[in-house]
Amino acid sequence: MATKKKNRLFMRTAILLVMVGAIAFTIYNGVIKEKNELLQVGDQAPDFALTDLNGDRHQLSDYKGQGVFVNFWGTWCKPCEKEFPLMDRQYQVYKDQGVQILAVNIAQSDYEVRQYAEQRNLTFPIVIDKDKSVMEAYNIRPLPTTILVNPEGKITKIITGEMSEEDIVSYMEEIKPE
Amino acid sequence: MENLQCQCGHVNPLGTKLCESCGRSLTDKEQNSKLVDMRYEGTARRSQTYNKSIIDKIWNFFSSVKVGVSIIVILLVAAALGTILPQQAFVPANTEATIKAYYADTYGSVGRVYHFLGFHDLYSSYWFIALVGMLAISLVIASLDRFVPLYNSLKNQRVLRHPSFMEKQRVYAQGPGADDTLQKTEAKLKELKYKVRTDKNGLLAEKGRFSRWGPYVNHIGLIIFLVGVMLRMIPGFYVDETLWIREGETRAIPEVPGYSLENVKFALETYTGEGEEARFGEALDRVGTVAKNYQTDIVLYQAPNNSLPGETDNLEVVKEYPIRVNQPLKFDGYAIYQMDYKLNELKTMTFALTDQETEESLGELTIDLIDPNESYELKNGSTVKLLGYYPNFSGFENGEPQTASPLPDNPGFLVKMTTPATPQGETSFITIQNTIEPFGPNQYKLTFQNAEMRNVSGLTVRKDSTLPILGLGGLIFMIGVAQGMYFNHRRFWLQQTDSGDILLAGHTNKNWFGLKKDLDQVSAYASLPAYTDQQEETEKEGEPQS
């Protein structure tokens, strides 16, 4: 009788645990993860390779050991336009300290991007995501979105919306190699 | 203390209504009622038996049918609330702030409250999922608690029952019998496909016991269905994405890593009413234009193994296919459907460089609005240099032309025109039907000649690996329904006392008419005493049944 009771308690506990676990797992997947779908802080940043305006290939994993400041933008995006000069100024400061900027344009023409960059004298590499595959891999919705990648290749922050110069400095500091 | 001992000596678990062995009524309520409650064979629901630890208490809570029904009612009310205003997935906004603003702007304070309470994303809210999960727990526990004792009770049921059990059955007969009554009854019942067991002076005939498992099979189907729904939330099992793609564009397919799609051409065909379609002429005159076909000609590409997002140089052609309504492109478990379209977005614009006075043309240039060139050479050494291009010109800010979007809905061009007559160049800013000459009047201008258009296809990318699971769940559900609905569990108990009298009782879980029809045949063959339907009798007497 005692073992029967023990078995019963064990069975009931097991069944309840399995079902509560399944519910918790569903809620986790459906509610919490949905916000950023595949991409989360702490994840390994998905590798990509894009070509810049000078024809040079930039592969994210080639910058391992450096921090990478990946900024998604478009010429029509007003906040992007405001933060670009600030980013460029800080790029001059931090590029020798091991922080790289990759500005990823979303599928615009070479002409528009080149014209835009030349008018503003931007010095950091600007690459064009021609078929939006990088945008898809990073699940980018609003522009601008900035992804901070640390020297180990992990995402440390996902920033949507405009950044002030102080923000940019603190982000650069965050991903600067030791 | 914990258990109930019957007069026959059998020890029953607490909560038992009818003795598991002989069928005597054990509770006061049962003893005083004229008919026995045969639900679950009068067994104790397992959860009522034990009520000790916290686990047992939780178990008991979910074992209750009242709790189960309450959860269903709450779920129904909640699901109905979610249909009052559109869910967030169907409103034209995609960031949290714009969604909130959309509800407030469109539906006023109702919308604000609706959004505040989280009803705009009701079906994937944690509490809704938790409720569905509680329903699943309730289904499993309530079924187990009823199925196990019922199964054991039917498996171990004895042939001989106490007369008090038999006389409280709905169909009951008592009267004199002959020597061969038992044998003849057995023979006839066997002929009617009953399983017959005998014991001493008694007989138990049973048919269609599996009908009793119907509700539990049905619940297994529901649980499998819910598991399928749960899997939809897990990345990789379910994809439902929209892809807008313009003619000439190649785009990565959302949620389908490694594949991209090129829109070669989108076509909307309508019925012309000519030739073979002349017979539709009358109808077309009445209703106007009728669409015949929506079609996107595509090329499906796959990136080679190990290539990274962004590497578009070595895409391999997988398939060329015309996607039409209900004829999706299928590959690798995915399907791409034709869903929507937009016609006539600007693609190219052709201008003539003309002398404003003489209207003499120095030649034409065509600007590709999707991929413009930096400069255009004309004959006689004239060039038009593009200084700035604003695909959706929205005005000036600090003297700088602005674009509101990357789409060429309202293209603006800042150009420098150099001709042999004006070697230093003239600057002008051109938008549709408007030319600004910022540095004074020019000799030359760009005159609009014509434009080419392109169409946009709205495609839906679908994948649903849970369909086989949902199908299986649905099938098992239906099997359970059929099992419980179209089959009946019929039993007859027969006993012959020492004096030769016959006691007969009959029970079925549904369809008493069918049971009586069987019994009529047996009675005619074996000369059984006439039976009465005790429930009908009590109803006739006007006594309400509990």
Side-chain angles (χ1 to χ4, degrees), chain A residues 5 8-9 11-13 15-16 19-20 22-35 37-38 46-51 57-61 74-76 78 81 104 106-112 114-116 119 127-139 141-142 160, chain B residues 46 50 52-53 55-56 58-59 62 94-95 124-126 129-130 132-134 136-137 140-141 144 227 229-235 249-257 260 303 307-312 315 368 370-374 386-392 394 400 402-406:
Chain A
K5 257 185 204 168
R8 186 194 77 224
L9 185 67
M11 276 304 292
R12 288 183 172 186
T13 314
I15 291 172
L16 279 173
M19 300 206 58
V20 169
I23 297 166
F25 182 65
T26 312
I27 292 177
Y28 172 75
N29 274 297
V31 182
I32 297 155
K33 241 182 164 180
E34 193 181 288
K35 299 245 156 71
E37 267 168 48
L38 300 169
D47 200 7
F48 63 84
L50 290 168
T51 309
R57 187 171 177 275
H58 294 267
Q59 184 169 338
L60 183 66
S61 53
T75 63
W76 69 95
K78 291 273 159 3
E81 193 179 0
V104 182
I106 304 299
Q108 288 188 277
S109 63
D110 287 352
Y111 170 80
E112 283 165 277
R114 177 168 289 126
Q115 196 71 20
Y116 189 91
Q119 267 175 22
V127 294
I128 304 177
D129 183 17
K130 286 279 179 199
D131 65 352
K132 299 191 182 176
S133 54
V134 178
M135 183 186 175
E136 183 53 41
Y138 277 79
N139 198 35
R141 291 277 158 78
T160 54
Chain B
R46 294 207 302 168
Y50 316 104
K52 290 276 163 62
S53 62
I55 292 290
D56 287 334
I58 297 171
W59 190 272
F62 283 109
N94 45 25
T95 62
S124 49
S125 66
Y126 69 92
I129 297 173
V132 175
M134 282 165 72
I137 293 180
V140 169
I141 292 181
L144 272 177
V227 167
V229 174
M230 185 186 89
L231 288 178
R232 282 191 166 200
M233 306 255 182
I234 295 167
E249 281 183 346
T250 301
R251 286 285 174 262
I253 305 175
E255 303 283 320
V256 189
S260 47
S307 74
L308 297 172
E311 289 181 319
T312 54
L315 297 179
D368 183 335
I370 289 83
D371 191 11
N373 292 341
E374 209 176 329
L386 201 55
L387 300 178
Y389 167 51
Y390 311 92
N392 191 2
S394 57
E400 276 273 321
Q402 304 291 319
T403 185
S405 75

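Just so you know, these numbers come straight off a predicted model, no measurement behind them. Convention: sequence-line order gives letters A, B, ...; per-chain numbering from 1.
Scanning both residues, A:L50 and A:D129, for their nearest heavy atoms gives CD2-CA, 4.0 Å. The shortest non-hydrogen separation linking B:E255 to B:P257 is O-CD, 3.5 Å.
For the set B:A252, B:S260, B:A130, B:G133, the entry with the most heavy-atom pairs within less than 4.5 Å of chain A is B:A252. Between chain A and the options B:V229, B:L387, B:N392, the largest number of non-hydrogen pairs under 4.5 Å is found for B:L387.
In this structure, B:Q402 contributes its side chain and B:E400 its backbone to a donor-acceptor pair below 3.5 Å. A:R12 places no side-chain N or O within 3.5 Å of a backbone atom of B:I141 that could act as its donor or acceptor partner.
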Practice prompt. Show the numbers, then the answer: is there a side-chain hydrogen bond (donor to acceptor under 3.5 Å, both in side chains) between A:S61 and A:D47?
Written response: CA-CA 6 Å; A:S61 53; A:D47 200 7; 2.7 Å; yes
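Under the ring pair (Phe, Tyr, Trp, His ring centres under 6.0 Å) criterion, B:Y389 pairs with B:F413, not counting sequence neighbours. Remark: A:F48 engages A:Y138 in a ring pair (Phe, Tyr, Trp, His ring centres under 6.0 Å) (not counting sequence neighbours).
There is no contact between A:A24 and chain B, counting heavy-atom distances below 4.5 Å. Looking at B:N373, the atoms closer than 4.5 Å to chain A (heavy atoms on both sides) all sit in the backbone: N, CA, C or O. Looking at B:V140, the atoms closer than 4.5 Å to chain A (heavy atoms on both sides) all sit in the side chain, from C-beta outward. If you measure heavy-atom distances from B:I370 to chain A, the contacts under 4.5 Å come from the backbone alone. The part of A:F25 that comes within reach of chain B is its side chain, from C-beta onward, which places non-hydrogen atoms under 4.5 angstrom from that chain. For a residue to count as touching a neighbouring chain, one of its non-hydrogen atoms must lie under 4.5 Å from one of that chain's; by this rule B:L386 touches chain A with backbone and side chain alike. Residue contact with chain A, scored on non-hydrogen atoms closer than 4.5 Å, involves the backbone of B:A404 exclusively.
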